[in-house]
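Lettering follows sequence order; numbering is per chain, from 1. What you see is a predicted model, and the numbers here were worked out from it, not measured in a lab. For the numbers below, each heavy atom of this structure counts, side chains included, while hydrogens, waters and symmetry mates do not.
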Amino acid sequence: MVLDPAETKEMAARYPERRSLVLPLLWRAQERIGYVSDEAIDEIAAAADVPASEVSSVVTFYTMFRRSKPPAHRLQVCTSLSCAMAGADDLVAGLRAMPGCGERFSVETVECLAACDRAIAGLYNEGLVGPLDLAGSTKLVRDGAGVAGPAKAASDAAARAEGGDGR
Amino acid sequence: MITLTIDGREASVEPGTLLVEAAKQVGIEIPVYCYHPKLDPAGACRMCLVEIEKMPKLQTACTTRVAEGMVVHTTTPKVKEAQHGVLELLLINHPLDCPICDKGGECDLQDFTLRYGPPSSRFLDGKIHRKKALDCPPFLVIDEERCILCQRCVRYEDEILHERNIVLIERGSHMTIGTEGRDDYGGYYSGNNTELCPVGALTSRPYRFKSRPWDLQHTPSICTQCALHCNVRADVRHGDLMRLMIRDNPAVDGGWLCDRGRYAIGDQHSVERIISPRVRGADVSWDVALAEVQKALEAGPVAGLGGGRLTNEAAAAFRQICGTVDWRVGRQVHASVPGVPEAAPSDLSAADVVVLVDTCPMEEAPILDLRIRHHKRVIDVGPVPGMRVGHAERIVCAPDGVAEALRGLDLSGAKHPVVLWNGRGELVEAIRALGAPVLMVHEVANARGAHDAGLEVDGDILAACADGKIHTLWLAGANPLRSYPADVRAALAKVPVLIVSDLYPTEVTELATIVLPVAGPFERSGTFTNLAGLSQRATAVVAPKGLSDEQIFKRLTPAAQPARDLPARKPFAAGTVLTRPHLWSGGGNTRFDRTLEAARTALPVVRVHPSRGLAAGTRVMINDQLEAVVAVDPGLHPDVVVVPERALPGLGADLTLRAVVPA
Amino acid sequence: MIMRLLTDGIGEVDLRDIGVYRSRGGYQAVEKALRRMTPQEVAAEVNTANLRGRGGAGFPAGRKWSFLPNDGRPRYLCVNGDESEPGSFNNRMLVEDNPHLLVEGVICSSYAIGANFAVIYLRGEFYEGAAIMNRAVAQATEAGYLGEHILGSDYSLHIVVHRGAGAYICGEESALLESIEGKRGHPRVKPPFPAVAGLYASPTVVNNVETLCCVPSIVNNGGAWFAGIGSPKSPGTKICSISGHVRRPGNYELVMGTPLRELVEEHAGGIRDGHRLKMILPAGASSAAMTPDQLDTPLDFDAMAAAGSMLGSAGLIVCDETTCAVKVALIGESFYAHESCGKCTPCREGTKWVEKVLARLEGGQGQPEDVDLLKSLVGEIGGGKCLCPLGDFAVTYLGSALRLFEDEFIAHAHGHTCSHAAEVLSA
């Protein structure tokens with residue numbers, strides 16, 4: 001069992017229709033085991049009363065759901081307009097040239113994170129980080145250390161990251 | 001009625017009509033890909049953009065409903081430009097494999113490109129390559145490159161089937177269709193996708209590379225795999241039946257075919273087919289064989305079994321020749337519920353409450369099931385669940401408790417209730433008491449025609465055989481050794497002359513004195529009467545291998561002494577081992593059809609209640625005779641075990657299951 | 001002119017704490033609405049306020065509410081917090097820093113339309129925002145502002161915070177509803193509009209986060225008061241997100257009608273040192289570029305439209321002269337190609353093709369015909385030919401850039417890489 005049946009039941013009570021459970025339960029599964037497994041898909045299909053193939057189809061539509069376990073350190077760098085204008089592509093290229101990339105840590109690109117005021121913005125695991133530069137992000141992906149930044153959320157995220165919040 | 005103008009032509013149509021349909025009514029073609037009359041509008045392909053006066057932007061004719069005084073243009077420069085655009089975009093990643101594509105010649109992308117497309121492409125960048133010729137067992141082949149993502153298949157799976165065997169995968173330019181999470185299709189209605197698909201993305205494995213559309217002769221006929229008789233178009237190439245296509249009779253099939261109906265035509269070329277009459281094991285001429293038959297008809301008491309697979313004309317002739325004939329050679333003992341109105345398939349669609357009386361429409365008349373899957377209220381009574389897809393109120397009862405369970409039902413609140421029953425067991429009174437129209441789901445294709453032609457007798461012909469009271473027994477398209485609920489081998493052995501007319505060597509042809517090879521489906525013409533009493537014509541489209549049943553009977557004179565004073569028919573024992581119809585368990589000619597092998601499970605499935613403690617997938621021996629694989633079904637009555645009908649001939653009422661270690 | 005209706009207290013106190021929020025007058029609108037006003041009166045005030053949708057379309061919220069049929073089916077309010085337009089980040093601030101204002105706005109609005117169930121849909125990347133919002137909903141429930149019989153009235157409301165999972169298209173209202181229903185975020189055919197058949201095919205209102213955040217002050221101060229702020233036809237304030245080559249990127253809540261120049265030059269501190277303005281994309285990557293001569297355009301829905309662009313959700317991206325117009329088009333098109341849901345042909349196929357052509361151009365592999373090809377593709381994808389507005393969004397900037405900066409495209413089409421290309425990424 002990936003999901004907690006009691007919790008699923010409690011979540012189901014919040015929605016007028018069971019099929020709305022698909023996304024919340026996909027999130028829950030991913031929080032619990034790091035990705036969406038086949039087992040999770042079957043459980044979600046049963047809980048939401050939709051065919052498993054439809055749950056699978058939904059998973060492939062949303063970019064944030066993963067079908068395999070991610071590395072412990074995962075940095076997603078925004079490469080949309082404001083961040084691109086701040087040099088996001090170079091940053092990504094720099095990080096990807098580092099040894100260990102793809103194994104110990106991953107560097108992915110994402111579309112706009114709604115944090116253009118702190119371009120180059122990124123998500124370190126689940127925390128919003130930015131502005132990112134090569135030195136700060138190198139530290140992040142190497143040892144999960146926070147980046148210095150003026151933004152509140154960035155420091156919050158770093159604090160959470162230090163607390164090992166890498167579900 | 002709403003009046004509007006399309007390209008200068010005045011159209012008068014029902015309110016709510018979609019523009020694309022209104023145009024059709026006045027003979028104007030608006031090209032479409034995603035639109036299909038049986039599916040909800042999607043507005044996805046954008047091929048049907050038209051200009052409507054007073055609207056600044058082009059509108060999709062497949063989603064726009066008519067309005068009074070609307071003025072529509074479908075050929076203006078703006079429309080043509082949009083059509084060019086959509087076709088150019090659809091073609092940028094489409095492969096140029098039309099010469100080897102089964103759809104070539106009947107492909108909407110080819111046709112519309114010629115009629116509405118740009119003269120050439122401006123696309124210089126590399127095409128996106130995807131998976132081709134993906135096997136999707138049992139019957140489909142998926143070509144992701146050819147797919148134009150009209151999403152008809154995906155919507156059919158959702159809206160019509162409620163199954164979603166084919167879904168969308170990924171999104172944007174990465175989007176494809178496929179069976180996400182499994183390798184096979186997994187349903188009974190895959191073939192309709194090949195007709196819905198406007199291109200060659202979903203094609204039929206059995207028809208692959210078989211023919212070109214322009215080489216096919218089309219003949220209207222009907223499917224006789226079950227008692228519904230869905231309307232088909234038989235496509236023949238140089239004398240060979242290549243494929244069956246939907247012919248859409250709203251009163252019968254609603255425009256769909258099940259996979260058994262569509263694909264169970266591969267037995268035509270089976271090497272096992274009997275081609276010569278045989279008398280006592282020796283091939284003889286028809287004249288010799290029929291003379292032997294005539295002699296047997298005059299030598300003593302005669303009876304016939306079968307008729308449910310014959311045409312109405314042949315059935316009537318069978319009765320005339322043998323005198324004493326019963327079509328009932330299986331579990332079904334009743335062909336009607338006298339005193340209650342009959343329901344039609346279309347009533348099923350309109351019903352507010354459907355009662356399944358120990359009947360599983362998906363296995364017994366699959367297209368009927370499509371009419372009840374979306375229903376809010378289906379009451380499913382019996383020891384075995386009859387509703388596989390969709391929701392039903394399940395009333396679980398013991399095998400002998402169905403009548404009592406029905407007595408507990410109150411349908412007085414229902415406006416349009418319909419009862420579905422397969423005529424098994426002594427339930428006539430209990431069903432009549434429900435006071436609702438009944439639709440009989442017969443176990444053989446022309447049971448209704450045979451019943452109407454009077455091929456029923458009081459008493460039990462097989463019991464008379466066992467008593468040694470029958471001299472000549474004629475089995476016409478019947479094999480009681482597989483279909484009869486009790487072992488009748490001894491009874492058949494007591495018959496001095498056993499005549500079997502059939503297509504294939506079976507358990508009964510082995511015992512037969514005289515074997516007559518007959519013309520198969522699509523080899524003989526005649527009428528069939530479906531479960532709702534509708535008589536329709538089946539047309540011969542290929543040359544027969546053997547005489548037709550009707551031709552045989554017409555060359556004989558009636559039996560001198562039809563059997564009389566038959567012993568009474570005894571009810572079948574209702575044990576805890578239940579055999580239930582299964583679409584692919586080998587009824588009719590399907591077990592001789594190689595093209596269906598992919599549809600048959602390697603091992604029969606035995607369904608048990610979870611309380612038996614057997615895990616799904618466990619292999620077991622049934623009565624130490626047949627290996628089967630366990631499926632766990634919590635909808636079953638806990639005491640019962642279900643095996644597919646005809647998978648295990650002569651199964652007794654008791655059964656042992658012994659788990660085995662797979663080899 | 002700065003006016004802090006929605007952002008008052010942000011950065012100064014912790015408004016996420018319901019105690020702090022209430023000490024500053026929070027939840028008075030709920031008290032007032034539920035104790036002293038009928039739902040119709042609340043709706044009437046919002047109508048009088050002429051509160052126009054802040055999500056981009058500018059459609060009056062009061063009118064949207066009035067479309068709900070009265071047929072006994074349950075009604076739903078869905079909050080569009082899927083903020084994903086490159087350049088927009090004002091909803092995130094409201095969700096993270098003033099969550100109770102949104103909860104209060106949702107309660108007042110749900111009461112006005114007769115909804116007993118509301119969904120706050122937040123884009124999946126708002127991990128923290130979702131946690132904050134869930135806490136705010138829990139606090140409000142504990143304080144008696146949510147749940148059964150709110151403040152002793154007959155009115156009940158339950159709010160669910162529903163997270164997206166990485167799909168820009170879910171900001172389109174019907175795709176958002178599909179997503180709440182657990183499906184792929186494919187826009188629906190309209191009509192029927194959500195007001196008639198929305199969530200679970202029931203009458204549904206979908207409003208943006210910022211729109212709903214305006215409702216408490218309308219309830220507290222009256223619709224007429226709100227209508228008197230800013231531009232007569234676009235009253236109220238607008239939180240403008242500004243980023244790119246300015247000194248002080250950030251969110252600035254301005255009175256509607258404030259000149260674009262004031263935002264760029266005063267609040268955002270002007271263009272970074274030593275550079276000059278080339279263009280502004282005022283509603284993020286999906287908007288037509290505006291040029292320095294248009295800096296005096298008032299920031300409101302109508303004036304921005306009249307200037308050939310749009311206010312949208314006011315996510316302004318400012319580009320200086322080092323920015324390559326072709327590169328901007330490529331970055332934008334890559335975004336739309338990535339975010340196209342795939343349902344309709346022109347968007348699915350067209351955005352990818354345009355991206356490929358732009359990538360060739362940008363990489364110096366252009367063909368002379370490419371400029372005409374791009375112009376033609378703008379027509380094939382845009383002009384309302386797609387099922388939803390994403391197709392139009394995907395070519396709006398490109399269409400404007402082909403007009404305003406055609407010479408840059410032609411240079412690229414003749415095999416020259418842009419002279420700015422090197423600089424644009426090393427800014």
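- When each of C:G166, C:G182, C:A165, C:S243 is scored by its heavy-atom pairs under 4.5 Å with chain A, the top score falls to C:A165.
- In this structure, chain A has a heavy atom under 4.5 Å from the side chain of C:I169, while its backbone stays farther away.
- Interatomic distance, A:C112 SG to C:I331 CD1, rounded to the nearest 0.5 Å: 12.0 Å.
- With a 4.5 Å cut-off on side-chain heavy atoms, A:L81 and C:V328 count as touching.
- No part of C:Y168 comes within reach of chain A, as not one of its non-hydrogen atoms sits under 4.5 angstrom from that chain.
- Looking at C:V119, there are no atoms closer than 4.5 Å to chain A (heavy atoms on both sides), in backbone or side chain.
- With a threshold of 4.5 angstrom between heavy atoms, A:A119 does not approach chain C through any atom at all.
- Proximity to chain A involves both the backbone and the side chain of C:C341, based on heavy atoms less than 4.5 angstrom apart.
- Minimum heavy-atom separation, C:G244 to A:S82: N-OG, 4.1 Å.
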Open item on the list: What verdict does the side-chain contact (heavy atoms from CB on, under 4.5 Å) test give for A:E17 and C:E181, after you've listed the backbone C-alpha separation in whole Å, the side-chain angles of each residue and the deciding distance to 0.1 Å?
Closed with: CA-CA 8 Å; A:E17 292 193 9; C:E181 289 182 7; over 6 Å; no
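- Using a 4.5 Å cut-off between heavy atoms, C:S84 contacts chain A through its backbone alone, with no side-chain atom that close.
- The candidate from C:A285, C:G87, C:P74 with the greatest count of non-hydrogen atom pairs under 4.5 Å with chain A is C:G87.
- You'll find the side chain of C:S179 reaches within 4.5 Å of the side chain of A:Y62, heavy atoms only.
- Judged by distance alone, the side chain of A:R14 and the main-chain N or O of C:V160 form no donor-acceptor pair under 3.5 Å.
- Only the side chain of A:L123 comes within contact range of chain C, with at least one heavy atom under 4.5 Å from a heavy atom of that chain.
- Across C:G164, C:S202, C:G332, the residue that shares the most heavy-atom pairs under 4.5 angstrom with chain A is C:G164.
- Once rounded to the nearest 0.5 Å, the distance linking CD of A:E31 with OH of C:Y127 reads 8.5 Å.
- A tilted orientation is assigned to the rings of C:H186 and A:F61, their planes being inclined by 30° to 60°.
- Considering only heavy atoms from C-beta on, A:S57 comes within 4.5 Å of C:R184 through its side chain.
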Task: Pair A:L23-C:H162, side-chain contact (heavy atoms from CB on, under 4.5 Å): steps then yes or no - done: CA-CA 8 Å; A:L23 264 67; C:H162 191 96; 3.9 Å; yes
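- When each of C:M93, C:R123, C:E83 is checked for heavy-atom pairs under 4.5 Å with chain A, C:R123 comes out on top.
- The minimum heavy-atom distance linking C:R92 with A:D117 is given by the pair NH2-OD1, 3.7 Å.
- Taking a cutoff of 4.0 Å between a charged side-chain nitrogen and a carboxylate oxygen, A:E126 and C:R163 do not qualify as a salt bridge.
- Your options are C:I159, C:N91, C:I180, and the one with the most heavy-atom pairs under 4.5 Å with chain A is C:I180.
- Only the side chain of C:F117 comes within less than 4.5 Å of a heavy atom of chain A; its backbone N, CA, C and O stay farther away.
- Heavy-atom pairs under 4.5 Å with chain A were tallied for C:H338, C:E339, C:H158; the largest tally goes to C:H338.
- Proximity to chain C (any heavy atom under 4.5 Å) is restricted, for A:E54, to the side chain, taken from C-beta onward.
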